[in-house]
Structure formats: structure tokens, C-alpha cells
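Structure, as C-alpha cells:
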Amino acid sequence: MTIHDPRMQLNPKQQEAVEHRDGPLLILAGAGSGKTRVLVERIVRLMQTGGVNPWNIMAVTFTNKAAKEMKERVAQSMGQRANDLWMATFHSFCLRLLRRHAEVLNYHTHFTIYDDLDQRSLIKKILKDMQLSDTVYKPASIQYHINKAKNDGIKAEDFPSGGDFFLKKVGAIFAEYQKHLILNQAMDFGDLIVNALHLFGKSPEILSKYQNQFQHILVDEYQDTNKSQYALIRLLADKWKNVCVVGDDDQSIYKFRGAEIRNILDFQRDYPQAKVIRLEQNYRSTQNILNASNAVIRGNTERMGKELWTQNGQGECIRMFGGQTDHDEAEFVCSSIMSHREKYRLGDMAIFYRTNAQSRILEDSLRKHKIPYRIFGGIKFYDRAEIKDMMSYLKTLVNPSNTISLKRILNTPARGIGKTTVERIDAAADRESACFWDVISSVSDPRWALELNTGTMTKIEDFVKLIARLNQARQEIPLDDFLTFLYEQTGYWQMLTAEKTIEAQSRQENLTEFTNVLDDYLHENEEGTLESFLDQISLASDTDKMDDNTDFVNLMTVHLAKGLEYPVVFLVGLEEGLFPHVRSFDKPEDIQEERRLCYVGMTRAKELLHISFVNERKLFGSTQYQIASRFLDEIPEKHVTMMHDFGYQARGAAPVHKGPSWSSTASYPQTRKQSIPKHETQIDYQYSQAEQPCRQGSRVRHAVFGEGKIILIEGGNSDQAKVTIEFGRGIRKKLSLKHANLVFVR
DNA sequence: GCCCGGTCGATTTTT
DNA sequence: TCGACCGGGC
């Protein structure tokens, strides 16, 4: 986020946004236009001269990082008073309400938050209970449907099947899933929002209390809100209608997780009296970068319209590299990085890619050139097994009804409580409408009719005693010592020590890091309890602590790059099928989202933007022949310097191999493919009867499987060519192009 | 429990 | 191509 000198005057538009007093306000804040500053100053102003109490102001963001930054910046002006603001992420805001009013929804106040792994486990359990095959009903797919419904504010009982058998079943699973969440006294992420809505639906008194309280509501990144979040804001703002939303329709890139771009596009329809302010002056990039970015985003039809400009000067042209292979691209990036090293720190440079799979080849090159880098995304700290195990202990201590966590730790480390035992306990719990914990905490009670041998009984009793001992201990010993106590009492630490592997050692290191996380938390929150720590962790993510004071080249997906900025940016893999991704080819609105993503990537760059694409890329083990992204056609040539003249103009025409006309300071790879295969997109295969070329994304019809989409072509233009085609819901076939007799449609 | 081999799938991800 | 995951066998 751009933090330009706070002593600097606000520009007239920013000023207007800060000064607007009452009524709905939409701030269309372009990339790098100083929107955080506007939000902060607006809040400060409301408090300072507007006579609004901090507790009457609610400000919501999407990430903890954004909430924290805003809080700190308000505190710089307002000191302690900033603590009374309701400033949080959507999820922690809702959590606060739900903890306070849990009983209204038949929850107790210490309910557990399920992350998506917990959610997945519960779904699997339900599939088992309902005797549904998890190959037909893939847990991931069920999870997607459930989350989507929650994002869209659809209840299980209203789940639309449209007569579809599969979806009907999904609805039934969904209903069962919700039932089990209550049994487990747990809520998933979606529930936090949805249940807040239910709470208001159930209790008009509570609703009106908060409606009265929040005289001013501010929403950051409004283009990322989903339907449920939209409904929540709408409801809360209903009394005062002082709702100020900040966002950028051109940076809406989270449709796949429920973001509803219509929320921002339709703001004026929802609030006809709304004032709209555009922040178009950019403080981040050069005019060249902005012109190119503006040109790309102009290709979208559904947008509010915005043109970024700057006083930063023209700057350098965008450096465009067209290479032969993905390896060449990586080499281009590395040699450029090395040539920039004199002027820039490594930490000032970043590489953005569309898909995580692209990072590998880049990493190989970076390592080869001994360029230190760090990579964002991937395995998350809190998703590591050892951290999840400890979290499960802690969650179980706070809420033993939570069977998912309980089962995870029951036999971790191994205590000889096996699968059969668990199944018998499950059966008993079901039979007696009790929860798992009820059974094991009185395991010898004849009521359960458990046919367990005495050895197993003792093992279970020992486990129950362990939990009791831990619960006792957490009252008695200081929280910062409790984790270590936990590691030892459970035997977990000893288990890792006994393993004597490097992996086990690194797990121990992670556990040590986990105690540091708790220590930090306790330092920052004097009143911190185990419960509040769990909340914090459950709603935390690794990206919250992306600090930029390290001297490593930064690697991340374009999605993760949103909100960040770097002096030097490499945007790689600008090729059809990759960026825009094949999966977006079907729907114009998906292509538009890809274009926004491209725009987000480009506008991260402050001074130097590099864009690259190649002709051949290894994908899923085989070579794909690529053509330059359509987005590149949209960038006016005058903003571009070609670093390599090969391929750029090749879209739609067979590329002419001229060899590298540009080569960097570093050694350029000498090995080249002997023959350049005829371009994939140009295959007009004799067995295909259509004029349309056979290419990734093409729609085809097969006599047996029906209509589908080509997702992969292997073997190029040869008799051995194989195409992988997706026919409707996940059915994929790999067919020989020669024999499949495909008919190209559309 | 644990290891091995086969199979399947592979866009993006916060909370 | 490569990793995750599952089921079978010990």
C-alpha cells in the first residue's frame, strides 16, 4: 500500500472523500491512489471534528493485515481512542457478535471455528454416515458447493438442485453437515457471516441495537464482498445509511471464492442518493506503466470506468520478453535481476505468476544463479500437521463437543486406540444421541454397551485423564508455559525426539515457533486467554505477516500480489491458456476477470515492469506450445521495449524463429530444440473436419462422450497426438487425435 | 500401524 | 511430471 508523505496535502478528490459527512459514499479507488490514507483520515475526521464516538464507527476489511495497518494509522492520530473503534475483518467482526450472542443460535459461547481442513473432515464423516461414495461425492466438490451456498446466503433447506440428482444429494449432505456443526458446537468460516445474519434475523432487538450503534460504516475492498457480506452491511447500515465503501471494480479478482463484482457496480442502484468519488491520481507507478495498464483494462466492458494518471513522470518502457522455452524465461528473469542488483535491493523485486506450478522452474534458475528468494503461498504454517495437532488439543480443551478435533488427537501420538474402537464409540454415541466426548468420558458406563476389552478401556480412561489434567493445568500455570507443558504431557514432543529424523526435528522447530506465536500474542494482548488466542489463530493467515524488510526476491501468484507494490516487477507466463487461463475461455466474464488480474499484476510495479511469454512450456509433464496472451495485443507498442523480437507478433500466425536477438549479461542457454514444432494452435489436423484449429480450449464433439473441451494437447502435430478432453462434470478422457473423430463445434 | 505401489488430478485463496 | 491420497498387505 502506498504510504506517501502524510504531511503532503490530500488531492482534491481525496479531500472530498475525507470531508463527505453523511449519506452513502462510494470511493472508487484506483490502484495506488492512496485509499488507505483516505479511509484513515476519514475516520480520524469523523472522530475529531464530526463528534462521532469511536464505538459508533465500524470499519471492515478482508485481511487482518489491512485491519491492523488501518488501526495503527488511526492510532497515530487518535492514540488510545482508536481502540474503541470497531475495526476488524468481516470474520472477526462477526465472531465478536456471535460469541456475545451465541445462545440466540443455540450455541455456547466457546464454540469452535472450523478451518477448511476441519470442514473437509466433517464432510467426509457425513459421507460415511450417509453411506455415500466419496469418489462420486468428492469431499472437495461438496465443500465447494457448501461454501458457495454460504457465500451466496443460501440455507441448506433452500439449496437449489434444479432437479439435478447430484445437487439434490449435495443439499442433503449440506443439511446434515449443518446439523453436525451444531452437535460439534462449531462454525465454519462461512457460518461466521451467515450466522451473524441469522442472529439478526432471529433477534430484532439485537439487530436494532447494532443498527443504532454503527452510525458510520466503512468497508474496504468492497469489490471483494460476497452476497452474504453485502447483506450484512446493508442490514447494519439500514438505520443511518452512512455507509462508505471503498473499492476498485477493476481489481475484483476473487469471483471464485464468492466475490460479487455486482456489489460495487450496483452500489448506486442500491443507494440512489450515493455520492461517487473517483480517485484516479496514482502515487505509485510511472505514466508508462499506467498507460499500458489502462489500455489493458479498457478491454473490459462491465466496469465503472477509470483512467489512472500520475505526476511521477513517464518512466521507462515496459520490457517485454518473448522466449522459446519456459527455461529461457526463467533465465531472462534471473539475468535481469542480476543486472538490476546495483540499483535495487533484491527485496524491491518481485515475480508474479498466474499458477503456483510456474514457480518451480523459476526457483531452479534462481537457485542456480544463487539469487536469494522467498516464495509466498504454498504450505501454510497453521496447516502443518504438528501445528494442527496442537491446535486440536487446544480446541478440544476449550470445547470437547468438537469431535473433529477430539478424534484427531485421540490417538496422536499413538496410544493404541485404533479404528475399531473409534467406530464402536461412534456407534454408541449415535445410538444414544450423545457426543463422542460423552461416551469416552464415562467409557465404562454400561449405557454405552461398548464391547471393549479392559486394556482398551484403560487406554481411553488414561486419555480422558490426560485431558482433565491439561484442563486443570491451564487454570494453574501461566499460559506462556502451557504449550510446552502440553507438548510434554501428551508425549508429542518425545514422539518426535524418538523419530530421530530431520523431518521430526523440523516439526519440533515449528512447535517452538508456535510457542513464540503465543508469546508474541500475550505480549500484544495483556488480557489474552487461550480462547482468544485460538480465535486469533483460527482467523489468521501467513500472508498477514508479509514483511518487506528482507532482502529476498519475492515470488507469488498475481492474486497474492494484490495490495502490494514493488519497484521492479516481473509478470511471467503471459500466454493464452495460462494467462488468461484455459478455464476462463468459456465465459466472457471469466476472461474479464483474468484481464483484471493482469491489470492488478501490472499496477503493482512502481518503476520497472517486465512482461514475458514463451513458445514452449512444460505443463503436466509434456510440452505445450503457447502463443502470446491476447492481453499483450492490448498494450500500445509505444510503451514497450522488446527484449527479444521472437514471437510477440506471432499470435495467429506461425512464429518465425529468428533466434535470440537480445541476450542478457548472464550466460544464455545454448541448447535449443533442433526443430521448432509447428505451432500447436495452427494444427489443422486432417482428421478434424472443422475449419477451426484444434487448440487448448476448443470445443469438440465426440460420438460417444458428447461435447467437451480440449484441456491438453500432447504430441503436437503428429500421428501420436493425444488430446485430453473434459466432457461435462469432471469426466476426462485422453484420446488419440487421429482416431477420435472429433468434430469441432462453434 | 506402516510402508508400498497404484491411481488420479493439476487455477487462483482469505477467513 | 509430480505429488497427494488411498487401499492392500505385512
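First the proteins, then the strands, lettered A, B, ... as listed; each starts at 1. Scope of the values below: all heavy atoms of this structure, side chains included, with no hydrogens, waters or symmetry mates. Please read all numbers here as calculations on a predicted model, not as lab measurements.
Atom C1' of nucleotide B:dT15 and atom CG of A:Asp118 are separated by 13 Å, given to the nearest angstrom. One atom, CZ of A:Arg120, and another, P of C:dC5, lie 9 Å apart when rounded to the nearest Å. With rounding to whole Å, A:Gln251 atom CD is found 17 Å from B:dT14 atom P. The nearest whole Å value for the distance from the CD atom in A:Gln358 to the P atom in B:dA10 is 17 Å. Rounded to an integer number of Å, the gap from CG of A:Asp326 to P of C:dT1 is 14 Å. Between the NE2 atom of A:His559 and the P atom of B:dT11 there is a distance of 13 Å, given to the nearest Å. Regarding A:Leu597, its CG atom lies at a distance of 10 Å from the P atom of B:dT13, rounded to whole Å. At whole-Å resolution of the value, CD1 in A:Ile375 and P in B:dT13 are 11 Å apart.
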For nucleotides 7-10 of chain C, tabulate all protein N/O to nucleotide N/O atom pairs closer than 3.5 Å, reporting atom names and distance.
none

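Under the side-chain contact (heavy atoms from CB on, under 4.5 Å) criterion, A:Ala186 pairs with A:Thr112, A:Tyr114, A:Leu181, A:Asn184, sequence neighbours left out. Partners of A:Asp129 according to the salt bridge (Lys or Arg N to Asp or Glu O under 4.0 Å) rule, which considers only residues two or more places apart in sequence or in another chain, are A:Lys125. In terms of the salt bridge (Lys or Arg N to Asp or Glu O under 4.0 Å) criterion, A:Asp383 has no residue partners (sequence neighbours excluded). Applying the salt bridge (Lys or Arg N to Asp or Glu O under 4.0 Å) criterion to A:Glu524, with sequence neighbours excluded, gives no partner residue. In terms of the side-chain contact (heavy atoms from CB on, under 4.5 Å) criterion, residue partners of A:His110 (sequence neighbours excluded) are, by chain and number, A:His108, A:Val398, A:Glu531.
Taking only distance into account, the side chain of A:Arg257 never meets the base of B:dT13 through a donor-acceptor pair shorter than 3.5 Å.
Closest to the side chain of A:Thr89, out of B:dT15, B:dT12, C:dT1, is B:dT15. When the nucleotides B:dT15, B:dT11, B:dT13 are ranked by their closest atom to the side chain of A:Phe189, B:dT15 comes out on top. The nucleotide whose nearest atom lies closest to any side-chain atom of A:Tyr254 is, among C:dT1, B:dT11, B:dT13, B:dT13. For A:Thr63, counting side-chain heavy atoms from C-beta on, the closest listed nucleotide (B:dT13, B:dT14, B:dG1) is B:dT14. Closest to the side chain of A:Ala414, from the set B:dG1, B:dT13, B:dT11, is B:dG1. Proximity note for A:Thr355 (side chain, C-beta onward) versus B:dT11, B:dT13, B:dG1: the nearest is B:dT11. Residue A:His581 has its side chain nearest to B:dT11 when only B:dT11, B:dT15, B:dT13 are considered. Here C:dC6 is the nucleotide among B:dT11, C:dC6, B:dT15 with the atom lying nearest to any side-chain atom of A:Lys124. With distances taken from any side-chain atom of A:Lys138 to the nucleotides B:dG9, B:dT13, B:dT11, the minimum falls on B:dG9.
Using a 30° and 60° split on the angle between ring planes, A:Tyr521 and A:Phe533 fall in the tilted class, from 30° to 60°. A:Tyr177 and A:Phe174 have tilted rings, their planes meeting at an angle from 30° to 60° on a 0 to 90° scale. Using the six-membered ring where Trp is involved, A:Tyr382 and A:Phe514 have ring planes that are perpendicular, over 60° apart on the 30 and 60° scheme.
Using a 4.0 Å cut-off, no side-chain N or O of A:Arg360 falls inside it from OP1 or OP2 of C:dT1. Put simply, A:Thr557 has no side-chain N or O that comes within less than 4.0 Å of OP1 or OP2 on B:dT11. OP1 or OP2 of B:dT11 has at least one side-chain nitrogen or oxygen of A:Arg583 nearer than 4.0 Å.
The nearest heavy atom of DNA chain B to A:Glu593 and to A:Ile417 marks one nucleotide each, and the one closer to the 5' end goes with A:Ile417. Take the nearest nucleotide of DNA chain B for A:Gly190 and for A:Arg415: the residue whose nucleotide is more 5' is A:Arg415.
For the salt bridge (charged side-chain N to carboxylate O under 4.0 Å, His left out) test with A:Asp364, the passing option among A:Lys368, A:Arg360, A:Arg367 is A:Arg367; the others fail.
Contact annotation for A:Asn411: backbone-only contact, meaning every heavy-atom pair under 4.0 Å involves sugar-phosphate atoms and none involves a base. Among the atoms of the strands shown, none is found under 4.0 Å from any heavy atom of A:Arg596. Counting non-hydrogen atoms under 4.0 angstrom, A:Gly258 reaches nothing in the nucleic acid. Heavy atoms of A:Asn356 sit under 4.0 angstrom from primed sugar atoms or phosphate atoms, though from no base atom. Within the nucleic acid shown, A:Phe62 comes within 4.0 Å of sugar-phosphate atoms alone, with no base atom in reach, counting heavy atoms only.
Residue-nucleotide stacking is not present for A:His91 and B:dT15, judged by a side-chain ring centre under 5.5 Å from the six-membered base ring centre and planes under 30° apart.
When the P atom is used for both B:dT14 and C:dG3, the distance is 22 Å, rounded to whole Å.
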